[in-house]
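Quick notes on the structure that follows.
Remember, predicted model here, so these are calculated numbers, not experimental data. For reference, positions follow the sequence shown, starting with 1.
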Amino acid sequence: MTGNEELFARAQRVIPGGVDSPVRAYGSVGGTPRFLTSAAGAYVTDADGRRYVDLVASWGPALLGHAHPEVVEAVVAAARRGLSFGAPTPAEAELAELIATRVPGVEKVRLVSTGTEATMTAIRLARGATGRDLLVKFAGHYHGHSDGLLAAAGSGLATFALPGSAGVPGAVAAQTLVVPYNDLGALEQAFAAHPGRIAAVITEAAAANMGVVPPAPGFTAALRDLAHREGALLISDEVLTGFRAAAGGYAQVLRDAGEPVAADLVTFGKVIGGGLPVAAVAGRADLMDLLAPLGPVYQAGTLSGNPVAVAAGLATLRLADDAVYAALASAADTLSGAVADALSAAGVPHVVQRAGTLFSVFFGATIEAGVPDYATAQRQDAAAYARFFHAMLDAGVSLPPSAFEAWFVTAAHDEDVLSRVIDALPGAARAAAAAA
Ligand SMILES: Cc1ncc(COP(=O)(O)O)c(C=O)c1O
């Protein structure tokens, strides 16, 4: 048995499925998950001492590459000053200011610990502000694992082909209306069917949990206009895209494309914690001030704004300058182009989709015309992806262990790193092409 196999067997005896978050279990690609012991820059190392180029980046947070020395130093310095106070600290306002200055429409910010908490709080705020109960979400969008948000939620549920989750009361599920993404007509119908009852529409700023599926041009602005016309709020979930798709998140990508959309509420996570648990709900001051202690909408957290986590986030955002985003964009251009070339050369039908510096690759003849929504994403050839994934892994490249995830580059993915990935592509493309 390898070290990974031994560790997996041991973990399975005491941890359900051997993992603390389902997609890590390699369920859809098969094989033994790599148990990681360290990470630096663009590389991760497993329990057998094997090093891989990492294209998971902790599912987004590692914007600068793993264990960036200045971020680690900031964390160590903060830890020395104390691990947790349960009282306000100076750095929290600084992080909130940084977020507010970079993202259009954000006036106030409340720090929480996970993206799940952030979206949960945003929805409670929207309900508190409008006095309405219903929520609209898009099929294939993932907003964390709170009860009302697991219907057609992409990501881990898609990986395991689960329709939703057991344990969600029917009365709670009934408060969430699910409509197809990029389909304004379906959204109009939802509003028409429930007049005056919809509190908010929540959308990933660009969908990235069913593979990368950007909003069609004009869709996000039309969505906001429709929601506002109907007295509902727009919640833009930038937990994954925030400070990653571009410096100002996907809102900036839209603005640069001539479609400025300031959402009423925005959620963040991942990059703003730089690898430690920080997330945020943010938005218009009049809405945010409905939160306790100022307003009637309750939200709290023992570890919210934890000083060590905030230090990691602050250091990461301070270092995330134009050069970092240029490096990310260039790595995404190079890699997405090289993957497409290798797959075409091997005759593997595919489509690469982009959202700012994010991209993913869909395999299969049925999706070649493009993937606008979840129904199409589900028609991809997940078995071809599994073969491709394992060939890349064998060649020393760690991709997301699911066909429904974005590929994450970091500012540490320089030419040398990318050339290692590019060298592995032809063999993996041939593996994908081979019959199962
Ligand atoms: C768009 C989006 N929203 C919310 C979440 C939930 O965040 P967390 O895993 O920190 O609870 C995720 C996690 O992947 C996400 O991608």
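A donor-acceptor pair under 3.5 Å is absent between the side-chain atoms of E117 and the main chain of A279, judged by distance alone.
Side chains of D373 and N182: no donor on one and acceptor on the other come within 3.5 Å. Between D54 and H66, the side chains place a donor N or O and an acceptor N or O closer than 3.5 Å (distance only, hydrogens not considered). A side-chain donor from one of Q299 and R110 sits under 3.5 Å from a side-chain acceptor of the other.
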Run the side-chain contact (heavy atoms from CB on, under 4.5 Å) check on L317 and I99 step by step: do they pass?
CA-CA 9 Å; L317 287 193; I99 294 169; 4.3 Å; yes
Working note: E94 + R318, criterion salt bridge (charged side-chain N to carboxylate O under 4.0 Å, His left out); need CA distance, chi angles, decisive distance, verdict.
CA-CA 11 Å; E94 209 175 331; R318 283 197 196 118; 2.5 Å; yes
Check the pair D264 / R224 against salt bridge (charged side-chain N to carboxylate O under 4.0 Å, His left out), numbers first and verdict last.
CA-CA 9 Å; D264 302 294; R224 175 210 46 204; over 6 Å; no
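A distance of 15.0 Å separates CG in L36 from OH in Y43, rounded to the nearest 0.5 Å. Interatomic distance, CD of Q380 versus OG1 of T366, reported as 8.5 Å (0.5 Å rounding). Separating the OH atom in Y52 from the CZ atom in R34 is a distance of 4.0 Å, to the nearest 0.5 Å. To the nearest 0.5 Å, atoms CZ (F8) and CE (M1) are separated by 11.5 Å. A distance of 14.0 Å separates CZ of R387 from CZ of R430, quoted to the nearest 0.5 Å.
The nearest pair of heavy atoms linking P372 to G370 is CD-O, 3.5 Å. Across every non-hydrogen atom of D381 and G364, the tightest pair is CB-CA, 3.9 Å. When all heavy atoms are compared, the tightest approach of R244 to A57 is NH2-CB, 4.0 Å. Shown here for L418 and A331, the closest heavy-atom pair between the two residues is CD1-CA, 3.8 Å. Scanning both residues, I422 and A338, for their nearest heavy atoms gives CG1-CB, 3.8 Å. Nearest heavy atoms, L425 versus V339: CD1-N, 3.7 Å.
Taking the side chain as every heavy atom from C-beta outward, I202 and L149 approach each other to under 4.5 Å. Between V278 and N306 the shortest side-chain heavy-atom distance does not fall below 4.5 Å. Between V213 and F138, every side-chain heavy-atom pair lies at or beyond the 4.5 Å cut-off. Within the 4.5 Å cutoff, no side-chain heavy atoms of P214 are placed close to those of R354. Put simply, the side chain of Y181 does not reach to within 4.5 Å of the side chain of Y374, judged on heavy atoms. For the pair L240 and Y142, the minimum side-chain heavy-atom distance is 4.5 Å or more. With contacts defined as side-chain heavy-atom distances shorter than 4.5 Å, the pair F389/P400 does not qualify. You'll find the side chain of L343 reaches within 4.5 Å of the side chain of F388, heavy atoms only.
Using the six-membered ring where Trp is involved, F268 and F243 have ring planes that are tilted, between 30° and 60° apart.
For D322, the CG atom is loosely surrounded, since the number of other residues' heavy atoms within 6.0 Å does not exceed 12. The local environment of CD in E107 is crowded, with over 12 non-hydrogen atoms from other residues, nucleotides or ligands closer than 6.0 Å. Residue E415 places its CD atom among 12 or fewer non-hydrogen atoms of other residues, nucleotides or ligands, all under 6.0 Å distant.
Residue pairs that meet the salt bridge (Lys or Arg N to Asp or Glu O under 4.0 Å) test with at least one member in residues 7-21, sequence neighbours left out, do not exist here.
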